[in-house]
Amino acid sequence: MKIFRNFYIKVEENGKQIPIMDFFPPQYSILSNLGLSDFAKSETITKVLQEIKEALRKNENYVFAQDDWCIVEVKGEKSTVENGFDEFPPFEVETSFIIELLSDWRDFLIKFENKQIPGLL
């Protein structure tokens, strides 16, 4: 099944701007937690991508999470995504999807951090 994703900026009434990830179908919505807190900073995502690539190079597993809602274990060509509270059943995705997702998210965050998203002040 194809996983569709969108990145956007949520603007709160007080003007605060928050980068957001959104996924469809809903069973993949836990992935949105990978865009919260420190994971909404390009520097953090760059570090995670480097650590994934290093683990793959060494043929080692690598686990990362922003919180217990979405835990990703990279295991070679496949990665497992699970929820630490058993609210969502675990699922498997291609590691290439995780790398592409994080790379695209980092690129989006860099544009946001450098005020290069049209329409935002």
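Since this is a predicted model, take the numbers as computed values, not measurements.
The list of side-chain hydrogen bond (donor to acceptor under 3.5 Å, both in side chains) pairs with a residue in residues 19-30, not counting sequence neighbours, is empty.
Once rounded to the nearest 0.5 Å, the distance linking CD1 of Ile18 with CG of Leu36 reads 9.5 Å. Atom CD1 in Ile110 sits 12.0 Å away from atom CH2 in Trp105 (nearest 0.5 Å). One finds the CG atom of Leu31 at 4.0 Å from the CZ atom of Phe91 (value rounded to the nearest 0.5 Å). Separation of atoms CG (Leu101) and CG (Leu34) is listed at 6.5 Å; rounding is to 0.5 Å. Annotation: the span from Phe85 atom CZ to Ile30 atom CD1 amounts to 11.5 Å, rounded to 0.5 Å. If you take CG on Asn33 and CD on Gln66, they are separated by 6.5 Å, rounding to the nearest 0.5 Å.
No side-chain heavy atom of Val72 sits under 4.5 Å from any side-chain heavy atom of Thr80. Put simply, the side chain of Phe7 does not reach to within 4.5 Å of the side chain of Pro19, judged on heavy atoms. Inter-residue side-chain proximity for Ile52 and Phe64 is flagged as met; some heavy-atom pair is nearer than 4.5 Å.
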- Message: As a quick check of understanding, evaluate side-chain contact (heavy atoms from CB on, under 4.5 Å) for Ile3 and Phe24, giving each step before the final call.
- Response: CA-CA 6 Å; Ile3 302 174; Phe24 184 83; over 6 Å; no
- Task: Report the C-alpha distance between Glu100 and Arg5 in whole Å, list the side-chain angles of each, state the deciding distance to 0.1 Å, and finish with yes or no for salt bridge (charged side-chain N to carboxylate O under 4.0 Å, His left out).
- Result: CA-CA 11 Å; Glu100 179 184 337; Arg5 59 183 170 76; 3.5 Å; yes
- Task: Could you walk me through whether Glu54 and Gln50 pass side-chain contact (heavy atoms from CB on, under 4.5 Å), step by step?
- Result: CA-CA 6 Å; Glu54 181 67 15; Gln50 290 169 344; over 6 Å; no
- Item | Steps toward side-chain contact (heavy atoms from CB on, under 4.5 Å) verdict (Ile9, Leu120) | CA-CA 9 Å; Ile9 303 299; Leu120 292 180; 3.5 Å; yes
- Verdict with reasoning, Val81 to Cys70, per side-chain contact (heavy atoms from CB on, under 4.5 Å): CA-CA 7 Å; Val81 180; Cys70 184; 3.8 Å; yes
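Counted within 6.0 Å of CG on Asn59, heavy atoms from surrounding residues, nucleotides or ligands total 12 or fewer; the atom is thus considered open. For Glu77, the CD atom is loosely surrounded, since the number of other residues' heavy atoms within 6.0 Å does not exceed 12.
With Ser42 as reference, Glu113 is the one residue of Lys47, Glu113, Lys111 to meet the side chain to side chain donor-acceptor pair (under 3.5 Å) rule. Of the residues Ile98, Ile99, Leu102, the one that meets the side-chain contact (heavy atoms from CB on, under 4.5 Å) test with Val48 is Leu102.
For Asn83 (side chain) and Trp69 (main-chain N/O), a donor-acceptor pair under 3.5 Å exists by modelled atom type.
Under the 4.5 Å side-chain contact rule for hydrophobic residues, Ile117 and Val11 share a cluster.
Residues Val74 and Ser79 share a closest heavy-atom pair of CA-OG, 3.4 Å.
Because its NZ or CZ atom is both nearer than 6.0 Å to the ring centre of Phe4 and within 45° of the ring axis, Lys2 counts as a cation-pi partner of that residue.
Between the side chains of Lys78 and Thr95, no donor-acceptor pair of N or O atoms lies under 3.5 Å. Between Glu73 and Tyr62, the side chains place no donor N or O within less than 3.5 Å of an acceptor N or O (distance only, hydrogens not considered).
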